Amino acid sequence: MALNIFRKWLGKGVSNKTGNNEGQISKDNQQSQKDQTIYGIKFRNIKLTRNLQDNITNIKNAMNNNFDIKTKEFRLRGQEIRAAVIYIQSVANEDTILQHIVNPLMIESSLIIDKDDPILFKTIIESMVTAEYVKVVESLDEIIFAIMSGDTFLCIQGYDKGFIISTRKYVGRQVGEPILEPSVQGSQESFTETIKDNIGLIRRRLRDPNLVFNVHKLGRRTQLEVVVIYIKDIANQNIVDEVIRRISSLDIEGVHNAAQLGLHITDSPNSIFPLFQVTERPDRTVRGLMEGRVAILVEGGSRALLVPVTLPLQVQSVDDYYENWIVGSILRISRYIGLFISSFLPAIYIAVTSHHPGMLPTILVLTIAGSRAGMPFPGFLEAILMEVTIAMLQEASIRLPRVVGQTVSIVGGLVVGQAAVQAGIVGPIMVIITALTAIGSFTIPDYSLSLATRAIRIPFMVLAATLGIFGVSMGMLLLLIYIADLKSFGVRYIRPLSPYRSSDLKQTLISSKERSMVDRPIFLNPGDKQKQSNAKRGDGDGQ
Amino acid sequence: MKKLKLSIIILLISVCLLIFTGCWDRKDIEDRGYVLGIAVDSYTPNDSQAKGDEEKKQEFEETQTAIGEPLYEMTVQLPIIKRSPSLAASGAGSSDGQPKTWQITQTGNDFISMEREMESRTSLTLYYEHLQVLILSDKVLKDGLNNMIDFFLRHREMRTSVSLFVAEGSAKKILDVVPQEEDHSSTYLFELPINADKNARIAYKHNLGEAMNCLRSGDAFILPRVEASKDEIKITGGALIKDGKMAGWADELDIEVINILADEYKGGTVVGRLSGHDEGIIVMEVTDSKTKVTPIIKDGELSFDVDVKVKGKYAEQVGVTSGGRVDKEYIKECEKEFARTIERRCRITIEKMQKEYNVDVFQLSRKVRTQKPAYWEEVKDQWDEIFPNLDINVRADVTIQLIGVMK
Amino acid sequence: MDNEKLTPSQIFVIAVFSILGVDILVVPHDMVSLADQDAWISLLLGGVLLFLGAIPFLYLLNLYPDKDLPQIILQVAGKWIGRILFLPIIVFVIMYAAMSTRLFAQALKLFLVDKTPLWILVISLVVVAAYMVYKDVFTLGAVLDILFPITIVSLLILVVLSLQNIQLDRIKPILFRNTKNVIKAILPGYYHFAGFGAISYFMRFVSDMKSAYKSYLLGLGVPVFFYVITTVICIMVFGVPPLKVIVYPTLNLSKSIEFEAAILDRLESFMAVFWISMVFSSLAIFYYASVRNLSEFFSIPNQYRTYVIWAHILILPIIALIPPSSIIVFELHEKVKYIEVLIGFFIFPIITAWAVIKKKREMKQ
């Protein structure tokens with residue numbers, strides 16, 4: 001099916017490539033998902049009649065006569081035949097309707113159509129309506145769905161068939177800068193809420209004819225487009241099939257965001273670790289596609305979903321690839337350290353100070369003990385207190401407008417922290433630990449992953465307070481087993497850390513020389529295994 | 001879903017159980033008493049002159065012993081941890097005049113009881129992982145190190161890197177020193193041997209682990225001796241330990257020789273006097289040295305060859321009147337003189353150890369045991385008779401590599 | 001993706017962890033007590049013995065590539081004789097798992113958590129291992145894969161940092177009037193490598209048999225190397241007489257290291273932490289083996305496997321906590337290994353021979 005779309009796209013030419021995909025959407029889906037939609041159930045069997053007025057009333061009634069449903073009646077062929085267009089003002093482009101539908105039909109129809117001849121649908125499609133996509137329809141569900149999507153329905157007196165003409169209006173913001181995943185060297189574009197633009201952003205970065213867009217319609221009521229994107233000869237077919245199977249077997253009211261869709265199709269809904277990657281960066285999406293992963297876009301959501309994902313992939317950032325491999329590796333390793341610190345540092349601090357002060361150098365022990373002398377709370381409670389505070393601060397700074405957010409961080413971070421230390425409620429070392437933990441969590445490129453570290457922090461603190469470093473180690477083992485058992489679309493979440501394969505590790509755990517990354521990471525079972533030519537550049541040997 | 005709920009309930013219950021019944025080892029960092037130093041003296045009965053508060057304190061220090069009479073007197077040093085009022089400003093600067101350590105003394109005949117008795121005098125839990133030094137009085141050593149050391153070896157918190165020192169007379173006095181730089185006399189004392197690579201007169205290895213190894217293997221060894229003034233501690237020579245008992249004192253020059261023979265000659269100075277220059281002395285700074293001790297058996301007689309190869313700098317000349325240039329011949333002459341000095345020093349000490357003390361502090365027996373095992377099997381019971389009469393030939397070879405900035 | 005396989009590198013890791021366990025803490029003491037400064041030679045020869053035992057064992061596995069040990073025994077020796085021959089293996093696996101847990105819990109109490117009751121330590125180790133076994137074999141492989149470098153690096157750090165404390169002449173004289181003791185100690189040396197058969201429970205999940213055999217034999221080399229090197233280093237650092245009285249020499253070894261960089265100053269607690277993962281790994285392997293053993297012995301169908309796992313959470317701690325004192329634990333830990341001799345030199349050869357005969361007969365027919 002995907003190949004089919006691609007062929008059609010080639011046939012239609014390059015100029016209107018994105019618009020064309022939109023056009024395909026309604027067609028492809030009405031077969032596959034009709035049963036799930038409310039349209040299907042209610043209106044499938046209602047057909048158009050030959051009476052124009054009846055048709056208009058039927059359609060308007062079906063859509064509850066809302067105020068923005070506009071009907072424009074006019075006459076064809078020298079005022080003889082009545083016709084009408086129905087559209088929704090707020091989602092259809094009125095200019096297009098007037099220029100490309102009403103205008104040609106009213107004015108040019110008398111020139112083309114003879115008075116006595118019956119109106120040929122073919123003539124209208126081919127010679128009169130200049131809109132990009134026209135389709136002949138007869139059942140009400142199709143019509144209503146099209147109108148809802150912003151298309152226009154053209155109906156002519158005396159015929160029980162009509163036209164759907166694409167006149168969608170895309171209201172949305174311009175391509176903006178990535179907010180959640182900023183990058184130093186990478187592109188400064190991020191996905192918008194319009195799926196058409198998003199596909200364009202991907203297409204522009206990947207001119208590969210094997211790029212496949214597989215369109216689904218999802219949601220009982222929302223009926224939004226969901227596009228599954230992959231590169232045919234790289235992505236593993238099993239993974240692609242699994243993704244498509246999971247999406248098409250969904251029976252839900254609707255999703256508005258890629259992350260929401262991700263939660264619906266994830267392997268284990270209870271996992272605190274994100275088993276799918278949500279990104280707002282087109283370049284990262286393209287990178288993922290080239291690694292053999294599958295991207296999913298949802299209409300109205302400004303994020304792409306990348307599956308399958310593994311832990312090392314989530315720690316990667318696009319910036320890694322724009323730096324020399326040594327620098328890139330250092331960046332990546334510092335992120336692993338950040339991940340470790342943000343998950344375990346408070347627990348280790350509690351364990352060491354309250355159970356094993358023997359692990360610290362003497363001077364440090366005396367310093368910490370001096371800073372904690374006379375504290376009202378035990379170390380564990382102190383840590384919990386700080387943890388809750390920092391969680392509240394983080395939450396507050398997201399909720400508040402950007403201007404006020406600054407104030408919150410200053411008041412929360414500096415004033416409260418300083419005052420708490422001076423008042424002797426919290427020790428200064430604990431403040432340092434908490435700050436380090438927060439900084440560590442900010443180094444993680446994946447927002448969901450950094451939230452996951454927050455979720456495991458407190459259980460580890462409990463373990464540390466009860467069993468000391470032994471408890472922390474047991475907790476780490478439990479966590480490791482838990483992570484090792486997670487799967488994202490059949491791929492283990494810890495791959496390629498295990499099973500060991502040096503070229504995979506080189507590319508994912510640390511960064512590697514761009515030149516030496518000949519093979520694609522094998523853990524996603526890609527089809528086309530080689531990324532680039534093996535020959536060394538600048539080789540004089542002429543092999 | 002049902003399964004999930006069940007597992008969550010089990011998890012919650014176990015977490016609650018852990019929190020409410022758990023925390024066996026938990027003790028906040030400020031609630032522990034970090035024992036930095038321990039001094040062990042032999043028991044002396046109270047002097048009856050003490051009055052008032054003094055008397056009360058002495059009463060506290062007595063432990064009621066269940067069996068036998070008190071033998072030892074243990075003093076532990078705890079740092080006094082106080083939160084300074086202006087912590088945000090700079091460290092603890094304003095606490096001048098107040099003591100920074102707290103010495104608790106207790107008497108008894110076993111150390112664990114003494115420790116427990118101390119706990120009834122302090123609100124802190126004694127914690128030994130940060131123990132730095134263990135100071136023993138010579139009296140205790142003369143009674144036998146083997147007798148009392150078990151507590152320190154068996155205790156789980158004791159570290160093998162604890163430094164051992166010997167004090168003549170009262171060991172407790174060493175802990176009472178208020179050092180100029182450091183806060184605690186124990187840390188001060190612990191860091192003193194750091195200069196062993198500049199001054200060969202400091203015994204090289206003296207930690208608890210080493211001592212245990214030597215005690216178990218039956219080797220003789222030395223422990224550094226410390227002496228104290230009000231605010232200073234000095235390492236002065238060492239105590240010779242043989243068969244777990246103190247056999248005598250070695251002075252600082254002896255320690256130097258012992259270090260040379262143990263191949264631990266890391267630095268120090270050699271002083272010589274050239275034959276032509278009656279008044280002046282010349283000094284060499286040792287930079288590197290290698291000693292090889294070889295047991296030789298000839299006609300059933302054991303002897304040792306000691307080869308000392310020393311590299312050094314020509315460091316100083318005092319009162320050398322010739323005003324001569326430091327040239328090739330002069331350096332040759334100096335090298336010979338330094339070698340002679342080293343050989344002479346070695347001979348004196350070796351003789352002292354052989355004849356005066358009969359302590360094999362050079363651990364020559366180990367050389368025989370490992371290199372001439374067949375011979376060792378024959379003589380191992382008579383080593384005490386063989387050692388004083390051993391022929392130990394010391395040959396020193398000095399190379400002067402640098403002469404400083406002047407010719 | 002559904003037909004996941006264990007890779008040869010995972011077989012390597014499993015082979016390493018099936019032997020490398022709590023024994024590394026006690027090996028120097030045990031061996032030196034028997035053969036003085038030449039203990040490492042006995043240990044090395046014990047390692048050779050291990051390989052001699054492992055190769056015929058591989059041959060047996062090769063005859064039944066899609067079966068694990070219990071299935072092979074029951075198939076070769078029949079329902080009843082098979083069960084009789086199988087019994088020592090069951091006892092060995094359970095006892096071995098329980099005793100190493102207990103032994104390690106004692107070490108933890110000594111070096112990490114003094115006042116925490118023994119049963120808490122034992123039960124938490126067992127429960128985490130149970131969770132591990134509850135997941136599938138491939139998760140086990142993945143977890144061990146990740147723990148492997150951590151363990152090896154920690155052991156290497158220990159070895160390298162200990163080099164500053166060694167005195168080379170402590171290992172001398174080599175083999176002086178001591179050959180008899182050395183030979184006597186070979187068998188006890190071999191006991192310390194008990195558990196090489198654990199691989200049989202994993203071989204049937206392997207993707208590439210040939211290279212799996214290779215990596216298995218390679219994997220056996222790693223514990224031999226570390227046991228020998230730890231023993232040598234311990235002898236050189238402590239000398240023979242002290243080693244005879246130190247209970248956990250390897251932990252003491254880490255205690256004796258003085259490292260100037262402040263944070264590594266106190267190495268032994270860090271080491272204890274890393275060794276938790278090491279002991280856990282070997283416990284998980286034996287836990288899995290025991291679950292398979294009991295399931296096959298009582299012919300418990302696969303859907304009740306979970307209950308067998310639950311049962312072990314009860315059985316293992318109970319066995320581990322029965323010995324009242326640490327001295328008895330050391331004794332039991334030794335005695336359990338005598339069963340290993342019975343298994344290695346009696347049961348495995350019988351089964352192998354039987355299997356070969358049976359196969360030949362089948363070939364004729």
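The basis for the numbers below is simple: all heavy atoms, side chains too, and nothing from hydrogens, waters or symmetry mates. Numbers restart at 1 for each chain; the letters A, B, ... are given by sequence-line order, proteins then strands. What you see is a predicted model, and the numbers here were worked out from it, not measured in a lab.
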Among C:Ala142, C:Ser277, C:Pro149, which residue forms the greatest number of heavy-atom pairs with chain A at distances under 4.5 Å?
-> C:Ala142
Side chains of C:Thr139 and A:Asp485, donor plus acceptor under 3.5 Å | yes
Tell me, side chain or backbone of C:Leu112 under 4.5 Å from chain A's heavy atoms, or both, or neither?
-> both
Polar side chain donor-acceptor pair, C:His333 to C:Ser100, under 3.5 angstrom | no
Heavy-atom proximity to chain A below 4.5 Å, by part of C:Leu144 | neither
Taking atom types as modelled, find out whether A:Asn238 and A:Glu242 have a side-chain donor-acceptor pair closer than 3.5 angstrom.
-> no
For ring-ring contact (aromatic ring centres under 6.0 Å, His included), just list the numbers for C:Tyr288 and C:Phe202, CA-CA rounded to whole Å, side-chain angles, deciding distance to a tenth of an Å, and then say yes or no.
-> CA-CA 10 Å; C:Tyr288 179 81; C:Phe202 301 93; 5.1 Å; yes
Part of C:Leu125 lying under 4.5 Å from any heavy atom of chain A | both
Do A:Tyr493 and A:Gln314 have side-chain atoms, one donor and one acceptor, less than 3.5 Å apart?
-> yes
Under a 4.5 Å heavy-atom cut-off, does chain C meet the side chain of A:Leu480, its backbone, both or neither?
-> both
Region of C:Ser9 that comes under 4.5 Å of a non-hydrogen atom in chain A = side chain
